[in-house]
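This is a predicted model, so every value here is computed, not measured.
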Amino acid sequence: MRLTILGGGGFRVPLVYGALLGDHAEGRVSHVTLYDEDPARLDAMARVLTDLAAAAKVPDAPAVTATRDLDEALRGADFVFSAIRVGGLDGRAADERVALAEGVLGQETVGAGGVAYGLRTVPVARRIARRIARVAPEAWVINFTNPAGLVTEAMAEELGDRVIGICDSPVGLGRRIARLLGARPQDAWIDYVGLNHLGWVRGLRIGGRDELPRLLADTEALESFEEGRLFGAEWLRSLGAIPNEYLHYYYFNRDTVRAYQEAAQTRGAFLRDQQRGFYAEAGRAGLPAGAALAAWDRTRAEREATYMAENREAAGVGARDASDLESGGYEKVALALMRAIARDERATLILNVRNGSTLSVLDAGAVIEVPCLVDANGAHPMGVEQLPLHAVGLVTAVKAVEREILAAAASGARADAVKAFALHPLVDSVAVARRLVDGYATAHPGLAHLR
């Protein structure tokens with residue numbers, strides 16, 4: 001099989017390639033094409049992958065080629081993995097800065113920052129989807145481009161059910177809960193439902209029995225893992241569920257905004273500076289074998305250790321636990337998804353797919369994040385219990401915002417963009433929404449038409 005990675009110079013590409021190196025079954029990926037617009041990033045990443053293959057000592061490692069020509073990258077692809085970042089980390093840092101200046105959240109997928117990122121990304125995602133439909137119509141598209149649910153819905157306008165969104169947050173959450181309850185993650189059924197970065201674990205069944213109430217009753221166990229420490233045992237018991245970590249931005253919004261404002265550097269600015277150092281080192285001439293991979297490993301360890309640091313600061317819970325730093329997120333989901341489709345090996349995975357009739361509060365075309373049965377015909381959302389009212393409010397409000405982003409990206413109209421910002425639950429004023437549009441139009445050349 002042939003896999004094309006859009007955003008092939010991106011920092012997390014080695015995770016995907018590393019997972020492929022461990023796949024020795026018949027019908028595995030034999031060739032990987034990296035597509036990126038930045039030749040320096042492509043070169044650095046190709047070096048890391050060469051080091052990875054050498055370290056793994058795999059004689060038949062997938063061949064790697066790199067290109068800046070999108071059509072060339074797409075031709076012959078069986079799977080297309082989309083992990084682009086429109087505007088790069090400079091764009092993310094600007095998203096955070098503009099929002100925080102208005103006293104609202106600037107996180108890349110949540111709040112004003114997520115709206116701005118969506119406005120920049122959706123037009124590009126739509127163009128890519130059209131090229132895939134024309135050049136590689138039989139390819140399956142796995143989308144990790146953020147905001148993942150929104151971008152998957154935009155690409156589905158052209159690709160239908162052949163585009164499937166993935167995220168590592170539900171996987172990590174389910175894994176941590178299962179292990180606390182003494183079960184192997186693969187043996188547990190995780191009742192998870194919502195939108196990307198806006199979902200809840202409402203049950204975890206082991207041998208047909210829901211064991212989540214046992215965890216909710218145990219304060220010590222609840223506060224021994226990432227989400228338990230972030231939200232606190234009392235609030236989790238009040239909800240009767242374990243929220244995705246990104247719901248901390250909603251439930252503790254003032255606290256997190258204040259922590260972000262007081263931080264020496266925003267997350268986007270930190271990653272921008274960190275990755276500049278990595279790409280400069282990995283791309284240096286005369287680098288000895290293994291040095292690019294070593295630089296990547298060091299950078300990734302620091303990146304993971306500082307993830308959501310401001311939220312932990314707001315919650316007063318300190319550094320991440322070593323168990324929360326474990327790898328095995330979206331790259332393993334992507335590999336399991338490709339295996340299930342290519343080999344018709346049925347699997348149950350939490351994915352971003354079109355709703356159909358799964359959630360009655362949303363229309364059929366709305367992309368949701370739920371457990372899916374995957375086979376050779378794609379991903380099929382499984383039946384779930386309907387959401388409680390407090391969750392319905394958040395899910396429908398955020399989906400309405402996503403629809404306004406799609407409309408604004410298509411129309412280019414300022415009024416549509418203002419509406420997208422103003423309707424978000426974390427933007428508390430139409431006047432603020434108008435100033436946000438002005439700020440982002442100034443910060444991003446691609447949004448200058450919104451002034």
*Asks:* How far apart are the C-alpha atoms of Glu245 and Ser169, what are their side-chain angles, what is the distance that settles it, and do they pass the side chain to side chain donor-acceptor pair (under 3.5 Å) test?
*Replies:* CA-CA 8 Å; Glu245 60 198 348; Ser169 290; 3.2 Å; yes
*Asks:* Could I get the full list of side chain to side chain donor-acceptor pair (under 3.5 Å) partners for Asp90, not counting sequence neighbours?
*Replies:* Arg276
*Asks:* Please name all residues satisfying side chain to side chain donor-acceptor pair (under 3.5 Å) with Glu281, sequence neighbours left out, ordered by chain then number.
*Replies:* Arg298
*Asks:* Does Arg2 use its side chain to pair, donor to acceptor, with the backbone of Val32 at less than 3.5 Å?
*Replies:* no
*Asks:* Who are the ring-ring contact (aromatic ring centres under 6.0 Å, His included) partners of Tyr192, not counting sequence neighbours?
*Replies:* none
*Asks:* Can you tell me if Thr256 uses its side chain to pair, donor with acceptor, with the backbone of Asn253 under 3.5 Å?
*Replies:* yes
*Asks:* Evaluate the side-chain contact (heavy atoms from CB on, under 4.5 Å) criterion for residues Leu351 and Val333: first the C-alpha distance (whole Å), next the side-chain angles of each, then the deciding distance (0.1 Å), finally the verdict.
*Replies:* CA-CA 9 Å; Leu351 301 167; Val333 181; 4.0 Å; yes
*Asks:* Donor-acceptor check, side chain of Thr145 to backbone of Ile84, threshold 3.5 angstrom: yes or no?
*Replies:* yes
*Asks:* How many angstroms lie between atom CG of Leu34 and atom CG of Asp43, to the nearest 0.5 angstrom?
*Replies:* 11.0 Å
*Asks:* Could you report the tightest heavy-atom contact between Leu287 and Ala292, atom names first, then the distance?
*Replies:* CD2-N, 3.8 Å
*Asks:* Step through the shown structure and confirm whether more than 12 heavy atoms of other residues, nucleotides or ligands are within 6.0 Å of CD on Glu37.
*Replies:* no
*Asks:* Tabulate below the donor-acceptor pairs under 3.5 Å that side-chain atoms of residues 122-129 make, not counting sequence neighbours, or state none.
*Replies:*
residue: Arg126; atom: NE; partner: Glu157; partner atom: OE1; Å: 2.9
residue: Arg126; atom: NH1; partner: Leu406; partner atom: O; Å: 3.3
residue: Arg126; atom: NH2; partner: Glu157; partner atom: OE1; Å: 3.4
residue: Arg126; atom: NH2; partner: Glu157; partner atom: OE2; Å: 3.0
residue: Arg126; atom: NH2; partner: Leu406; partner atom: O; Å: 3.3

*Asks:* Applying side chain to side chain donor-acceptor pair (under 3.5 Å), can you list everything that pairs with Arg202, at least two apart in sequence or on another chain?
*Replies:* Asp191
*Asks:* Kindly state each residue pair satisfying salt bridge (charged side-chain N to carboxylate O under 4.0 Å, His left out) with at least one member in residues 65-81, sequence neighbours excluded.
*Replies:* Asp71-Arg131
*Asks:* Without swapping roles, check the side chain of Asn143 against the backbone of Gly165 for a donor-acceptor pair under 3.5 Å.
*Replies:* no
*Asks:* Backbone N or O of Gly232 within a donor-acceptor pair of the Glu227 side chain at under 3.5 Å?
*Replies:* no
*Asks:* Can you tell me if CD on Gln186 sees more than 12 non-hydrogen neighbours from other groups inside 6.0 Å?
*Replies:* yes
*Asks:* How far apart are the C-alpha atoms of Val193 and Ile368, what are their side-chain angles, what is the distance that settles it, and do they pass the side-chain contact (heavy atoms from CB on, under 4.5 Å) test?
*Replies:* CA-CA 8 Å; Val193 64; Ile368 60 175; 5.6 Å; no
*Asks:* I'd like to know if the side chain of Arg339 reaches the main chain of Glu345, judged simply by a donor and an acceptor atom lying under 3.5 Å from each other, with no hydrogens or angles considered.
*Replies:* no
*Asks:* Please name the pair of heavy atoms, one in Ile405 and one in Gly118, separated by the smallest distance, quoted to 0.1 Å.
*Replies:* CG2-C, 3.8 Å
*Asks:* Can you tell me how far apart CZ (Phe11) and CG (Leu271) are? Round to the nearest 0.5 Å.
*Replies:* 9.0 Å
*Asks:* Looking at Arg134, I'd like to know if its CZ atom is crowded, meaning that more than 12 non-hydrogen atoms belonging to other residues, nucleotides or ligands lie closer than 6.0 Å.
*Replies:* no
*Asks:* Do the rings of Phe252 and His248 sit parallel, tilted or perpendicular, given the 30° and 60° boundaries?
*Replies:* parallel
*Asks:* For Phe144, check ring-ring contact (aromatic ring centres under 6.0 Å, His included) against everything at least two apart and list the hits.
*Replies:* Tyr330
*Asks:* Main chain of Ala73, side chain of Thr67: is a donor-acceptor contact present, judged purely on distance under 3.5 Å?
*Replies:* no
*Asks:* Quick check for you: to the nearest 0.5 Å, what is the distance between Thr33 atom OG1 and Leu3 atom CG?
*Replies:* 8.0 Å
*Asks:* Checking Arg92 now: which residues fulfil salt bridge (Lys or Arg N to Asp or Glu O under 4.0 Å) with it, not counting sequence neighbours?
*Replies:* Glu96, Glu108
*Asks:* Thr4 and Ala77: which non-hydrogen atoms are nearest, and at how many Å?
*Replies:* OG1-CB, 3.6 Å
*Asks:* Tell me the side chain to side chain donor-acceptor pair (under 3.5 Å) pairs involving residues 11-22, sequence neighbours left out?
*Replies:* Arg12-Asp168
*Asks:* I would like to know whether Asn244 and Glu369 meet side chain to side chain donor-acceptor pair (under 3.5 Å); could you show each step before the answer?
*Replies:* CA-CA 11 Å; Asn244 183 293; Glu369 192 168 75; 4.7 Å; no
*Asks:* What heavy-atom pair brings Trp189 and Pro371 nearest, and what distance separates the two atoms?
*Replies:* CH2-CB, 3.4 Å
*Asks:* Taking side chain to side chain donor-acceptor pair (under 3.5 Å) as the definition, give me every residue that meets it alongside Asp218, ordered by chain and number, with sequence neighbours left out.
*Replies:* none
*Asks:* Nearest 0.5 angstrom please: Ile206 CD1 to Leu181 CG, how far?
*Replies:* 5.0 Å
*Asks:* Over 60° means perpendicular and under 30° means parallel, so tell me whether His390 and Trp200 are parallel, tilted or perpendicular.
*Replies:* perpendicular
*Asks:* Taking Ile164 as the fixed residue, which of Ile142, Asn352, Val374, Val353 is the one that meets the side chain to side chain contact (heavy atoms under 4.5 Å, CB included) rule?
*Replies:* Val353
*Asks:* Roughly how far, to the nearest 0.5 Å, is CG of Leu52 from CG of Leu293?
*Replies:* 5.0 Å
*Asks:* Quick one: which residue pairs count as a salt bridge (charged side-chain N to carboxylate O under 4.0 Å, His left out) with a foot in residues 355-368, not counting sequence neighbours?
*Replies:* Asp363-Arg403
*Asks:* Say you draw a straight line from CG of Leu215 to CZ of Arg237; how long is it, rounded to the nearest 0.5 Å?
*Replies:* 9.5 Å
*Asks:* Apply ring-ring contact (aromatic ring centres under 6.0 Å, His included) to His424 and list each qualifying residue two or more places apart in sequence or on a separate chain.
*Replies:* none
*Asks:* Is it the case that the side chains of Gln274 and Thr299 hold a donor-acceptor pair, with the cut-off being a distance below 3.5 Å and no angle test?
*Replies:* no
*Asks:* With side-chain contact (heavy atoms from CB on, under 4.5 Å) as the test, would you mind laying out the steps for Asn146 and Asn196 before giving the verdict?
*Replies:* CA-CA 9 Å; Asn146 275 325; Asn196 180 239; 4.1 Å; yes
*Asks:* Taking Glu153 for its side chain and Val367 for its backbone only, find out whether a donor-acceptor pair lies under 3.5 Å.
*Replies:* yes
*Asks:* Sort out for me which residue in Arg85, Arg120, Arg272, Arg267 forms a salt bridge (charged side-chain N to carboxylate O under 4.0 Å, His left out) with Asp95.
*Replies:* Arg120
*Asks:* Please report the C-alpha distance between Val370 and Met382 in whole Å, then the side-chain angles of each, then the deciding distance to 0.1 Å, and finally whether the side-chain contact (heavy atoms from CB on, under 4.5 Å) criterion is met.
*Replies:* CA-CA 7 Å; Val370 290; Met382 304 179 76; over 6 Å; no
*Asks:* For a side-chain hydrogen bond (donor to acceptor under 3.5 Å, both in side chains) with His380, tell me which candidate from Asp375, Asp161, Thr358 qualifies.
*Replies:* Asp375
*Asks:* Looking only at heavy atoms, what is the nearest atom pair of Ala233 and Thr219, with distance?
*Replies:* CB-CG2, 3.9 Å
*Asks:* So, for Leu236 and Leu216, which heavy atoms are closest and what is the spacing to 0.1 Å?
*Replies:* O-CD2, 3.9 Å
